[in-house]
Number of protein chains: 2
Amino acid sequence: MDARPFTSTIARLKTAGLRPTRQRIGLARLLFDHGDRHVTAEMLHDEATKAGLRVSLATVYNTLNQFTGAGLLREVVVDTTRSYFDTNVSGHHHFFVEQEATLHDIPADAVAIERLPAPPAGLKVARVDVVVRLTKN
Amino acid sequence: MDARPFTSTIARLKTAGLRPTRQRIGLARLLFDHGDRHVTAEMLHDEATKAGLRVSLATVYNTLNQFTGAGLLREVVVDTTRSYFDTNVSGHHHFFVEQEATLHDIPADAVAIERLPAPPAGLKVARVDVVVRLTKN
DNA sequence: GTGATTGCAAATCTTTTGCACTAAA
DNA sequence: TTTAGTGCAAAAGATTTGCAATCAC
């Protein structure tokens with residue numbers, strides 16, 4: 001684990017057109033060096049603080065939005081009260097555990113969507129999101 | 001259209017355990033007497049005001065939540081910035097047009113979801129939501 | 001009457017923004 | 001240097017809540 005060398009994070013940011021600042025590098029490492037993750041701004045900010053990275057919550061918000069704009073993250077809409085960001089940007093779906101407010105990936109090939117109706121004229125499908133809401137029983 | 005008689009709205013509220021006040025009756029008629037609808041609190045409040053129903057925005061929020069709790073409405077999560085409520089409470093899916101922030105129903109039988117993975121132990125599927133995000137092209 | 005409901009204003013929560021300061025190139 | 005990025009505090013939106021007044025039963 002933590003196989004991605006420091007310089008690779010910098011390269012990734014540069015490629016995305018983002019200046020590799022201390023804060024962005026630190027956040028990128030937290031996000032991308034530990035497998036697929038789902039974070040909220042608050043969660044990432046707490047984690048950064050605990051890891052000794054000094055970064056303001058505003059910068060965390062800005063950074064998450066910039067990373068999303070650059071295609072490094074994907075926003076997952078499952079909860080009206082909070083935004084989740086997913087480090088897995090390839091097509092896939094989610095389990096959402098309501099009581100815990102936690103997200104878990106469902107691989108794209110684990111779900112097949114058949115007979116999706118064609119979109120109305122003038123509109124094209126940008127993305128199909130499947131959210132399987134789970135509750136404890 | 002507008003086939004549902006006034007008393008039926010009252011009966012529906014009573015059945016749901018909600019006292020049929022002027023505000024709830026008025027909002028229920030706006031919601032349920034005109035086919036399947038998708039509304040936000042702000043939209044419903046504007047509509048009520050235009051229809052001459054005097055009701056505060058806070059009461060619209062409270063009423064939407066109460067109706068949802070009573071199973072008269074379903075909340076649709078498609079947008080982090082706003083809550084949408086759907087008068088169609090049977091299983092079905094949605095098109096979401098990003099530029100317009102509008103929702104359109106997809107009948108349940110128009111989509112088939114195959115090979116959905118089993119939920120982790122101790123959890124059960126409460127609901128499967130499919131959101132087809134559309135963009136103008 | 002009595003308890004539920006409403007309206008208002010204030011509070012809360014998440015997210016964004018303006019601007020002076022700091023850091024990357 | 002020059003320009004982009006950061007932090008802070010304030011602002012902005014959506015939604016909820018406390019409480020006195022009002023309404024349904």
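Per chain, numbering begins at 1; letters A, B, ... match sequence-line order. These figures come from a predicted structure and were not determined experimentally.
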Please tabulate the protein-to-nucleotide N/O contacts below 3.5 Å involving nucleotides 19-21 of chain C, giving atom names and distances.
none

Q: State which residue, out of A:Leu27, A:Asp33, A:Leu31, fulfils the side chain to side chain contact (heavy atoms under 4.5 Å, CB included) condition with A:Arg29.
A: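 Of A:Leu27, A:Asp33, A:Leu31, side chain to side chain contact (heavy atoms under 4.5 Å, CB included) with A:Arg29 is met by A:Asp33 alone.
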Q: Please work out which residues in residues 13-22 of chain B have a non-hydrogen atom less than 4.0 Å from an atom of DNA chain C and list them by number.
A: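 B:Arg19, B:Thr21 - these, ordered by number, are the residues of the stretch whose heavy atoms sit under 4.0 Å from the strand.
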**Q.** Nucleic acid contacts - residues 54-73 of chain B versus DNA chain C, non-hydrogen atoms under 4.0 Å
**A.**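 By residue number: B:Arg54, B:Val55, B:Ser56, B:Ala58, B:Thr59.
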Backbone N/O of [Y] and side chain of [X]: donor-acceptor pair under 3.5 Å:
X	Y	value
B:His45	B:Val55	yes
A:Arg115	B:Asp109	yes
B:Arg37	B:Thr87	no
B:Asn88	B:Ser90	yes

For the pair made of [atom1] in [X] and [atom2] in [N], what is the distance, rounded to whole Å?
X	N	atom1	atom2	answer
A:Leu27	D:dG7	CG	C1'	14 Å
A:Arg82	D:dT15	CZ	P	14 Å
A:Asp79	D:dA14	CG	P	17 Å
B:His45	C:dC8	NE2	P	9 Å
A:Gln23	D:dA4	CD	P	17 Å

Do the non-hydrogen side-chain atoms of [X] and [Y] ever get within less than 4.5 Å of each other?
X	Y	answer
B:Lys136	A:Lys124	no
B:Asp129	B:Val77	no
B:Asp86	B:Glu75	no

(Q) Using a heavy-atom cut-off of 4.0 Å across all strands, would you classify A:Thr40 as base, sugar-phosphate, or nothing? (A) nothing
Q) Distance check: side-chain N/O of B:Ser83 vs OP1/OP2 of D:dA14, anything under 4.0 Å? A)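 Indeed not, no polar side-chain atom of B:Ser83 lies that close.
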Q | Any A:Arg24 side-chain N or O less than 4.0 Å from OP1/OP2 of D:dG5 | A | yes
Q) How are the rings of A:His92 and A:His38 set to each other: parallel, tilted or perpendicular (split at 30° and 60°)? A) tilted
Q: Please test A:Thr9 against A:Arg24 for side chain to side chain contact (heavy atoms under 4.5 Å, CB included), starting from the C-alpha separation and ending with a verdict.
A: CA-CA 9 Å; A:Thr9 297; A:Arg24 285 179 182 156; over 6 Å; no
Q: May I ask you to check if B:Arg12 and B:Phe32 form a cation-pi contact, with NZ or CZ under 6.0 angstrom from the six-membered ring centre and within 45° of the axis?
A: yes
